Amino acid sequence: RPPLGGSWFLIRFERFTYSSLQLCWRYLTYAPYLRFRGNVYLCKGRTVSHRVVDITHSGSLLKGLPASLGLRPQAMKMKFVTPDTPGSFLKFSIKVTDILTRAGKYSRTLAYGQLFHRAYIGETLSIIYLPLFVEENRIFDAVTNNPIARLSQGQDIFRQTINNNPLWRLTFISTLCPQCGWNLEGERDSVVLTCRNCDTAWEASEGKFNRVGFSVAVPGDPGKNTVYLPFWKISARARGAEINSYADFIRLTNQPRVAGKEEENQDMNFWSPAFKIRPRIFLRLSRQLTICQKQFKTDETIAKKNLYPVTLPQTEARQAMKLILADSSVNKEEVLPLLPCVMFNIKDSTLIYLPFTDTGNEMIQQHMRFSINKRALEFGRYL
């Protein structure tokens, strides 16, 4: 079973050569590599820093194999492993925490000072198998046909580690609306599917669909160029920082405004993009919406609306709440040391679609007038 919801992949030959075609008669053995791809955030010293990380780490006990796959996972096409895939598979023998530790080391030099919080947002963990074959006591990379290791005389490590009969199978969920039976809609990378017949949204979890509360903000400038981008709105209280209202948030983060009676009675909502995007833009959007706390006029109909896919699940948005609190603070020296003790009590979470005007190069939010570069959105689909 793949760890933490990851996927099993197999490197595929993109281009065939004469030497690679000769591998048809050779018995292939596949070595596992654990891949981490995602954004790493650090609350360290006086700053909130971040980095996009894409690394692999050998998951086999077999000595002599490359420590990582380098740029291959980014440059080569892959396909799913199935029980019908011929060959044998070396057992996966490392802990998932090992790759997370490596990912943290890649980004720990971004800032100086004491580390108060680390978060992995939008990460994907997967296992990639590198095809190998043995010839004359040497292990060859079956993609390049180059020798990469030598077996000592009488070495029996393959028999000790090979799993000859993996029982991996893909599982599917019928994408019919659990409420009305209509077809659910969504793109390939969507984690939330919508039903335009009964105006509902659904998120897959543990082999079934769970309903997601959502609403659509009424556009300020409706037109053909309106695109609705999704955001998670999470209502919560914080222990360890004592945030029970929006007024408490204003005082703790030292915002340049005075909290009035209305803010004292207003729930604190943390906003986060519900789509993957570069860390710097992710923090900017979260900070702007969280500090503003704008109340949008909404409805719950999605028919004929151009919805941008939800690619970041709400569990990831909840993990980002400490980051949003830290990044929203004017005086970070006072707030960042509180982060290890902060605990959030989630009251409610809602998916809000906000209207943006597509100008060709940018998406401009129709109420608050902030913009998102379209190329940044496109790049986020590959994070």
Side-chain angles (χ1 to χ4, degrees), residues 4 38-51 96-97 100-101 103-105 107-108 110-123 213 231-274 279-280 282-295 312-352:
L4 297 183
N39 301 326
V40 182
Y41 296 82
L42 296 179
C43 296
K44 194 174 183 180
R46 303 177 182 179
T47 62
V48 179
S49 55
H50 44 75
R51 174 172 290 177
V96 174
T97 52
L100 295 178
T101 301
K105 289 180 179 179
S107 55
R108 69 181 181 183
L110 291 176
Y112 296 98
Q114 183 180 351
L115 177 63
F116 298 110
H117 181 63
R118 178 189 288 123
Y120 306 94
I121 306 298
E123 79 279 5
F231 291 82
W232 292 109
K233 177 183 175 183
I234 303 174
S235 178
R237 294 184 175 183
R239 292 180 296 170
E242 304 306 322
I243 299 178
N244 298 311
S245 65
Y246 179 39
D248 292 334
F249 173 83
I250 292 175
R251 287 188 287 266
L252 178 66
T253 59
N254 198 22
Q255 298 300 319
R257 59 178 299 180
V258 178
K261 184 176 181 181
E262 182 179 351
E263 287 79 9
E264 295 286 354
N265 298 323
Q266 183 178 340
D267 289 339
M268 180 58 205
N269 298 310
F270 290 85
W271 287 76
S272 162
R280 177 178 57 83
F282 179 89
L283 289 176
R284 174 174 63 85
L285 297 175
S286 300
R287 180 178 65 251
Q288 287 177 318
L289 287 166
T290 299
I291 292 176
C292 181
Q293 294 287 301
K294 184 174 180 61
Q295 302 296 320
L312 190 77
Q314 60 177 310
T315 53
E316 297 291 307
R318 294 184 179 188
Q319 293 178 25
M321 291 170 66
K322 285 188 179 183
L323 298 174
I324 299 170
L325 175 61
D327 196 56
S328 300
S329 302
V330 176
N331 191 349
K332 292 180 172 52
E333 290 184 354
E334 296 180 1
V335 176
L336 265 62
L338 301 176
L339 296 181
C341 299
V342 172
M343 300 288 291
F344 289 101
N345 179 19
I346 308 295
K347 299 172 60 178
D348 186 32
S349 61
T350 308
L351 184 64
I352 309 290

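Note that the structure is predicted; figures quoted are calculated from it, not measured.
Residues L252 and L338 are in side-chain contact: their nearest non-hydrogen atoms beyond the backbone lie under 4.5 Å apart. Looking at heavy atoms from C-beta onward, R118 lies out of side-chain contact with K44 at the 4.5 angstrom threshold. Under the 4.5 Å side-chain criterion, counting only non-hydrogen atoms from C-beta, Q293 is in contact with W271. The side-chain heavy atoms of V40 and H50, taken from C-beta on, include no pair separated by under 4.5 Å. In this structure the side chain of L323 reaches within 4.5 angstrom of the side chain of H117, judged on heavy atoms. For the pair L283 and V48, the minimum side-chain heavy-atom distance is below 4.5 Å.
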Report task. Please step through side-chain contact (heavy atoms from CB on, under 4.5 Å) for the pair L325 and V335, ending with a clear verdict. Result -> CA-CA 8 Å; L325 175 61; V335 176; 4.2 Å; yes

Requested in this report: Evaluate side-chain contact (heavy atoms from CB on, under 4.5 Å) for Y120 paired with N39, printing each intermediate quantity in order.
Outcome: CA-CA 6 Å; Y120 306 94; N39 301 326; over 6 Å; no

Requested in this report: Evaluate the criterion ring pair (Phe, Tyr, Trp, His ring centres under 6.0 Å) for residue pair F344 and F270; output intermediate values, then yes/no.
Outcome: CA-CA 11 Å; F344 289 101; F270 290 85; 5.4 Å; yes

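How far CZ of R280 is from CG of D327: 12.0 Å, rounded to the nearest 0.5 Å. The distance from the OG atom of S329 to the CZ atom of R287 is 11.0 Å, given to the nearest 0.5 Å.
Judged by distance alone, the side chain of Y41 and the main-chain N or O of I121 form no donor-acceptor pair under 3.5 Å. For S349 (side chain) and I346 (main-chain N/O), no donor-acceptor pair under 3.5 Å exists by modelled atom type. Although no hydrogens or angles enter the test, the distance criterion places a donor-acceptor pair under 3.5 Å between the side chain of Y246 and the main chain of I291. Remark: the backbone N or O of I324 is not paired with any side-chain donor or acceptor of S286 at under 3.5 angstrom. Under the 3.5 Å distance criterion, the side-chain polar atoms of E316 are left unmatched by any main-chain donor or acceptor of P313. Side-chain atoms of Q255 come within 3.5 Å of backbone atoms of S328 as a donor-acceptor pair (strictly under, hydrogens ignored).
Side chains of S245 and Q266: a donor-acceptor N/O pair is absent below 3.5 angstrom, by distance only.
Between E242 and R251 no salt bridge is recorded (no basic side-chain N to carboxylate O distance below 4.0 Å).
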Quick one: side chains of residues 232-241, donor-acceptor pairs under 3.5 Å with protein atoms, not counting sequence neighbours, listed by atom name and distance.
unit_1	atom_1	unit_2	atom_2	d
W232	NE1	L312	O	2.8

